[in-house]
There are 2 protein chains.
Amino acid sequence: MPSHSLFEHVSHGSLGNKIFDILRDRILNEEYEHGQKLNELALANELKISRTPIREALKQLELEGLVESIPNKGVYVKGFSPRDIDDMFEIRCALEGLAIQLAIDRMDEEHLAKIKDVFELMEFYTAKKDQEKINDLNILYHETIYQATQSQYFEQLLKDVHYYVSVTSRHSITQPERLETAIQEHRAILDSIVTGDKELAKKTIQKHIRKTQTLVRAYYANKKK
Amino acid sequence: MPSHSLFEHVSHGSLGNKIFDILRDRILNEEYEHGQKLNELALANELKISRTPIREALKQLELEGLVESIPNKGVYVKGFSPRDIDDMFEIRCALEGLAIQLAIDRMDEEHLAKIKDVFELMEFYTAKKDQEKINDLNILYHETIYQATQSQYFEQLLKDVHYYVSVTSRHSITQPERLETAIQEHRAILDSIVTGDKELAKKTIQKHIRKTQTLVRAYYANKKK
DNA sequence: CCTTTCACTATTGTATACAATTATACAAGA
DNA sequence: TCTTGTATAATTGTATACAATAGTGAAAGG
């Protein structure tokens, strides 16, 4: 399970986890073609390690749904279709609506402080228009909410889904004014958390997700023509 | 990824996957204590195989959230608290409500036929009061709906969550009349699928899940005293 | 008597060797 | 020419050997 530190996520020690991160990034950045086979030995030679950690990473990728493993044949990259991404938005919309309500019930001072910190950093980098950092902080902002649920299932499920959506659709939103509206939406979410209004929080976060979904949809609709 | 055939789910060939199934069942049946360490060599000796497939299975368990892996120390079983189970019901309620609507949109004749088949078998074994088979068919019934969404994410997420809930709470419901009400609820769900009424389908399946959740909650509430 | 250090053991992490399975190529026959 | 069978090569699955790290306990010093 990759753990995200403030800006870069570094998996704990083992080689297998490092390889997982590398391969996942490659897949999400579409460096491999859809359906391409990932040869264990070739990867091992390329990365100058043995097959064992490669196999670990591939197993992990398989369970995350990024590759498909056919017994005695090999693993093949799957990639994401626009519909996959849209489905993930639907999942996020439903689960985050629940998660934020749970979070409000169960969170302690530390969680709240962390969300506030992250939000302030977002404001800072939004002013600077630093797209990279904003994107990382956006992931962190939502993950902090997931953590506050203190439910391993909400946290685990949402973390992965949100991470995939973020990475795959991070180039979909081109309007510069989105930075501004996004920070306003995150502020509204934070406000509703602080006041403890669970219904409002749910509505606010779902609205935020829908907004993003709409923009990503528009991107893919335009791309087709 | 374990694939369920009609009654028993058998993972494809590799030893690692077989071991995964064995260890998962042991954890879900509480044959290991919470926090107990799983020693690789001990398991390898017990099961008369090498450490390699054991490690594969453990990695898989880790990603499913059933064990926790501490680098260079080992993996420890996590188990489920009543709150974990309740959280999973919440997740199911939200996601299955969406999934059944997607399923209605995207399903083809084969999916529909399969659901009908499974339902008829459920009726058959309900008449016979064969608790074991009913439980398996219940899992299959819901999984078939997940499949019909033709969305790997809905399918993957819901399959695991539902399986865990089913296994961990399968002894929670003791009233014999639950068999009857359950089959009625499943019939209502099927009917709404057939007529293609998405809103009704959502309401019906969520009502079904809530009903089960309430019974499981009652079980744990009684257990405490 | 308690604490610290250091050596030893046990266990996990990685590499490599071997077995089993699958893909490929080429030849023989229809 | 197309199919089919077989041998060979390539690749995955499993076992084992080795390396690195963490745990344990006894001896030395305070």
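Only a predicted model underlies this, so the values are computations on that prediction, with no experimental measurement involved. A, B, ... follow the sequence lines: proteins, then strands. Residue 1 opens every chain.
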Does the side chain of A:Lys73 get closer than 4.0 angstrom to OP1 or OP2 of C:dT21 through an N or O atom?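 Checking C:dT21 against A:Lys73, no side-chain N or O comes under 4.0 Å of OP1 or OP2.
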Applying side-chain contact (heavy atoms from CB on, under 4.5 Å) between B:Ile91 and each of A:Leu158, A:Leu98, A:Leu95, report the one that passes.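 Of A:Leu158, A:Leu98, A:Leu95, side-chain contact (heavy atoms from CB on, under 4.5 Å) with B:Ile91 is met by A:Leu95 alone.
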Step through the shown structure and confirm whether more than 12 heavy atoms of other residues, nucleotides or ligands are within 6.0 Å of CD on A:Glu46.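 Enclosed.
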Nearest heavy atom decides the nucleotide; on that basis, is B:Thr52 or B:Val75 closer to the 5' end of DNA chain C?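 It is B:Val75 whose nearest nucleotide is closer to the 5' end.
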Could you pull out all residues at least two apart from B:Glu31 that satisfy side chain to side chain contact (heavy atoms under 4.5 Å, CB included)?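 Checked B:Glu31 against side chain to side chain contact (heavy atoms under 4.5 Å, CB included); matches are B:Arg26, B:Asn29.
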Partners passing side chain to side chain contact (heavy atoms under 4.5 Å, CB included) against B:Lys37 (at least two apart in sequence or in another chain):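 Scan of B:Lys37 (side chain to side chain contact (heavy atoms under 4.5 Å, CB included), adjacent residues dropped) gives B:Tyr76.
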Segment of DNA chain D, first to last nucleotide, that comes within the 4.0 Å heavy-atom reach of chain A: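 The contact span of chain A on DNA chain D goes from D:dT11 to D:dT14.
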Does the side chain of [X] reach to within under 4.5 Å of the side chain of [Y], using non-hydrogen atoms?
X: B:Glu96; Y: B:Tyr146; answer: yes
X: A:Glu68; Y: B:Gln152; answer: no
X: A:Leu102; Y: B:Glu90; answer: no

B:His186: what forms a ring pair (Phe, Tyr, Trp, His ring centres under 6.0 Å) with it, not counting sequence neighbours?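 Testing B:His186 for ring pair (Phe, Tyr, Trp, His ring centres under 6.0 Å), a comparison that skips the adjacent residues, returns B:Tyr141, B:His142, B:His208.
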If only atom types and distance count, is the side chain of A:Arg55 paired as donor or acceptor with the main-chain N or O of A:Thr52 below 3.5 Å?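 Checked: no pair found.
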Residues from residues 36-44 of chain A lying under 4.0 Å of DNA chain C - heavy atoms: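 Contacting residues: none.
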Rounded to 10 degrees, the angle between the two terminal axes of the helix from C:dC1-D:dG30 to C:dA30-D:dT1, each from five pairs: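 Its terminal axes enclose an angle near 10°.
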Between A:Leu15 and A:Pro53, which heavy-atom pair has the shortest distance, and what is it?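 Taking every non-hydrogen atom into account, CB-CB, 3.9 Å.
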Gap between atoms CG and P, on A:Asn72 and C:dA19 respectively (whole Å):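 In whole Å, C:dA19 P and A:Asn72 CG are 17 Å from each other.
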